[in-house]
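Report on the following structure.
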Amino acid sequence: MGSSVSHAGAPPPSPAAAPPPPIPVGLAAALPPNTEVQGDAKGVSEKVDWLNLPCPVAFEEIQREALMSLKPELFEGLRFDFTKGINQTFALSHSVFMGSMEVPSQSSDIIKVPTAHYEFGANFLDPKMMLIGRILTDGRLNARVKCDLTDNLTLKINAQLTNEPHFSQGMFNFDYKGQDFRSQFQIGNNAFYGANYIQSVSPHLSLGSEVFWLGHQRKSGIGFAARYNTDKMVTTGQVASTGIVALSYVQKVSEKVSLASEFMYNHMTRDVTSSFGYDYILRQCRLRGKLDSNGVVAAFLEERLNMGVNLLLSAEIDHSKKDYKFGFGMTVGE
Amino acid sequence: MASNVSLKGKEKAGKGSKSSEERSAKCVKEWSTWAMKKAKVITHYGFIPLIVIIGMNSEPKPQLYQLLSPV
């Protein structure tokens, strides 16, 4: 994860024999520099190898930097996580949560239900296979499986199983990674079928699209997405036939600081939200905060007290609904 | 299960309107629903024990007390 904003095409340092200083861009640093102008807005005088573009970020992670900065896991109450590593690949985790969980309600009132649960989890992390299972005291199981069937083909399974009938969910994903594209096919419960495809069209720009079909409600949709990233910034845009337009922009101001902003428009409910946030990754702590157009101010602090001991503080203040949520917790272990 | 199928067959023949393809499609749907229900129960109870068993057999092989002790 780390603080690097750009995933695709992290450039190696340019060789000393370069002419007056070109900025190494993607693959261009590895190729002998020449004076051919590329048509890039920055006027970098390097040739782009159009047959050797970098592999793009997966379609569902296209807004990953914005989500990491703007949507930390805010909680209300007490949280304690203990992860015990037994092996390089095998770990057990115990987690306690006591606090209020919000129940979604139709009216504008907030309904909070005090809950407390203990969650037991087991992780098995192999280079080829990852198995994560979590079971709560009310009988809910969260299972995640990620298996590399071949070098390029990956199977991912995500499931939430409950004791109540008809509330369980599951999703199978088959990912195929090509040299400069990624494609994914999804099968889910309620007869959900989806597919998406993303392709690098330049060292910085990748375009993708997705289609889905929901059998039980006979709904289908199509969406398009674009992602432009450089070393210093990432900007993404997504449009879907469900009436959602989402744009985001993340700027890496320095090694330790990133600023992010996001805009979302829902055509069906005529809902517009925009938020601005910051992400400070310092030596001993990580502080993320955001300000929303709905009148929500939130902050999340993870402070490293000691090797493997982290203190968590979470705050979310919703001025318009007069909802104040504060949480504190501790994480022990990796 | 075979007696179930033949019973259904007799009922459908009695009504006299269902074709054999519809009957077999219904049977396949019933059995696949039954299989999915069993698979869900097996996963619900067995997934975490499966991870623990795979983990305890991985290299370097951990001891049993390491599962239970908090150190």
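In what follows, chains carry the letters A, B, and so on, assigned in the order in which the sequence lines appear, proteins first and then strands, with residues in each chain numbered from 1.
Only the side chain of L92(A) comes within contact range of chain B, with at least one heavy atom under 4.5 Å from a heavy atom of that chain. If you measure heavy-atom distances from E59(B) to chain A, the contacts under 4.5 Å come from the backbone alone. For L50(B), no part lies under 4.5 angstrom from a heavy atom of chain A. Within the 4.5 angstrom heavy-atom criterion, only backbone atoms of N123(A) (N, CA, C, O) approach chain B. Looking at M56(B), both its backbone and its side chain come within 4.5 Å of chain A, counting heavy atoms on both sides. If you measure heavy-atom distances from F120(A) to chain B, the contacts under 4.5 Å come from both the backbone and the side chain.
At a cut-off of 3.5 Å, with distance as the only test, no side-chain donor of D126(A) or T89(A) sits close to an acceptor on the other residue.
Annotation: salt bridge (Lys or Arg N to Asp or Glu O under 4.0 Å) contacts of E164(A) (sequence neighbours excluded): none. Partners of D138(A) according to the side chain to side chain donor-acceptor pair (under 3.5 Å) rule, which considers only residues two or more places apart in sequence or in another chain, are R140(A).
Contact check for Q184(A) versus E60(A): side-chain heavy atoms found under the 4.5 Å cut-off. The shortest distance between side-chain heavy atoms of L141(A) and I48(B) falls below 4.5 Å.
Across G121(A), G133(A), A159(A), S168(A), the residue that shares the most heavy-atom pairs under 4.5 angstrom with chain B is G133(A).
In this structure, NZ in K146(A) is found 11.5 Å from CG in L131(A), a value given to the nearest 0.5 Å.
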